[in-house]
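Notes for the one structure printed next.
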Protein chains: 2
Amino acid sequence: MKETVKNIINTIYPISNQAFGEIEKLLIFETYSKGETFISRNKHNKKEYFALKGISKSYLINPDGDEITISFFLENSILSPHPIRTSKNISNLYFKALTDIELASIDAEIFEQLMIENIEIRNFANTVLQNELISKVEKEIGLASLSAKERLIEFRKKYRLLENLIPHTNIASYLGITNISLSRLRKDLMN
Amino acid sequence: MKETVKNIINTIYPISNQAFGEIEKLLIFETYSKGETFISRNKHNKKEYFALKGISKSYLINPDGDEITISFFLENSILSPHPIRTSKNISNLYFKALTDIELASIDAEIFEQLMIENIEIRNFANTVLQNELISKVEKEIGLASLSAKERLIEFRKKYRLLENLIPHTNIASYLGITNISLSRLRKDLMN
DNA sequence: GCTTACCATTAACATTTGATAAAAAACGGT
DNA sequence: ACCGTTTTTTATCAAATGTTAATGGTAAGC
């Protein structure tokens, strides 16, 4: 499990065994069942997560009470809740297990202390933040310049098998359309 | 002018006079005329910009050859091109002066060196990055969960007078709609 | 195995948005 | 002030998407 975390980190920004040792000591392993909601930031708890097994998503509730999917997280990736730290408008960003999942967590405040002390860890964290920003900009471009059908095509390229693994409602809200519209596009794309 | 840069920085993350002194020495002041395109990253030049006077935008060209507005930059703000640094997919992010503008620039590589040496500057830069990510997530939420009309209403709240200062085409592409559609929504909202 | 809840699809209709074209208005340079 | 360009508005029609409702399927729990 710890080896998996190390691999996740190294695919993003390679760090030394020594630097990883600092992180390793602090890892806590958690599991959630399909459908469970969890959060990475509240008054008492601030955590960073590594996704080891299963699929999860971040989402928020819009004024109509619907879940809006913001991001999907596959195995061997990092759940990135950074924006919550300071934003007033993004008060309620949740996470949900879309399958049974296994996570490794680390206390966010301790991790930030590690960042200050260790330049490798700081570079790693900064790369995570930059990657996240890049993915947001890429998604922004897609939403602004592609039709819903084109966005679905891009989604399929990016997330390959995901469409067969999770309820489509999540994908529809991620694409910014209704699930009825998604169903129509799926039919349309079968030909 | 330098005082303005200091104020911009301090509204984001207050730094000491000493830390600002490090930045101040490296500032270069530039002006562009309305309609001019400029870029903050290429092989020979990597710059960070502070917007002192006027309005500018970042944009890219979609496959149809249209300009897609990504962000607007008002006076006393920071032009944030960070994603370009590493992304392959966001190869062509440009900036354009929407009015005559005055900027202060700083060489990005030198600035990164300052970040390493000075924790205040590092914290400032990190806050910029986080703010940028927050604004992307907020925009993402809006695009995914609001109608075009609602997005226009939110745009007006956020950018107050901007609608009267720049060609509406920019706003339409920012909102993800055509300028014809924007015109209809404007008429609709007059009642 | 049965039932219930959730999910995906389909249909019919309403609404929104896009595309194209044309006219009116605003703007810029001389 | 004039001319040419750009921008905004308007109209018409087509296409895409949303809304509501009904149907059938699938998975989970009992």
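Being a predicted model, the structure only gives us computed values, none of them experimental.
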> Taking the nucleotide of DNA chain D with the closest heavy atom to each, which residue, B:T169 or B:R184, is nearer the 5' end?
Replying inline: B:T169
> Are OP1 or OP2 of D:dG18 and a side-chain N or O of A:T178 less than 4.0 angstrom apart?
Replying inline: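 The answer is yes; a side-chain N or O of A:T178 sits under 4.0 Å from OP1 or OP2.
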>> Quick check on D:dT8: is either OP1 or OP2 less than 4.0 Å from any side-chain nitrogen or oxygen of B:H168?
In response: yes
Whole Å only: how far is the [atom1] atom of [X] from the [atom2] atom of [N]?
{"X": "A:N179", "N": "C:dC6", "atom1": "CG", "atom2": "P", "answer": "14 Å"}
{"X": "B:R151", "N": "D:dT17", "atom1": "CZ", "atom2": "P", "answer": "13 Å"}
{"X": "A:K34", "N": "C:dC6", "atom1": "NZ", "atom2": "P", "answer": "13 Å"}
{"X": "A:E163", "N": "C:dC7", "atom1": "CD", "atom2": "C1'", "answer": "14 Å"}
{"X": "B:N170", "N": "D:dT6", "atom1": "CG", "atom2": "C1'", "answer": "13 Å"}
{"X": "A:R186", "N": "C:dC7", "atom1": "CZ", "atom2": "P", "answer": "14 Å"}
{"X": "A:L182", "N": "D:dT19", "atom1": "CG", "atom2": "P", "answer": "15 Å"}
{"X": "B:D66", "N": "D:dT6", "atom1": "CG", "atom2": "P", "answer": "15 Å"}

> Between A:K53 and A:T99, is any side-chain donor less than 3.5 angstrom from a side-chain acceptor?
Replying inline: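 Note: A:K53 and A:T99 side chains miss the donor-acceptor criterion.
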> Which is true for A:G35 with a 4.0 Å heavy-atom rule: it touches a base, it touches only sugar-phosphate, or it touches nothing?
Replying inline: nothing
> Which is true for B:L185 with a 4.0 Å heavy-atom rule: it touches a base, it touches only sugar-phosphate, or it touches nothing?
Replying inline: sugar-phosphate
Taking the basic N atoms (NZ, or NE/NH1/NH2) and the acidic carboxylate oxygens, is any pair closer than 4.0 Å for [X] and [Y]?
{"X": "B:K46", "Y": "B:E112", "value": "no"}
{"X": "B:E154", "Y": "B:R151", "value": "no"}
{"X": "A:E67", "Y": "A:K96", "value": "yes"}

Any idea which of [options] is nearest the [X] side chain?
{"X": "A:I180", "options": "C:dC7, C:dA11, D:dT10", "result": "C:dA11"}
{"X": "B:P167", "options": "D:dT7, D:dG18, D:dT17", "result": "D:dT7"}
{"X": "B:S183", "options": "C:dG18, D:dT9, D:dT17", "result": "D:dT9"}
{"X": "A:K187", "options": "D:dG18, C:dA8, C:dA11", "result": "C:dA11"}

> Less than 6.0 Å separating the ring centroids of A:Y49 and A:F38?
Replying inline: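 Yes, the ring centres sit under 6.0 Å apart.
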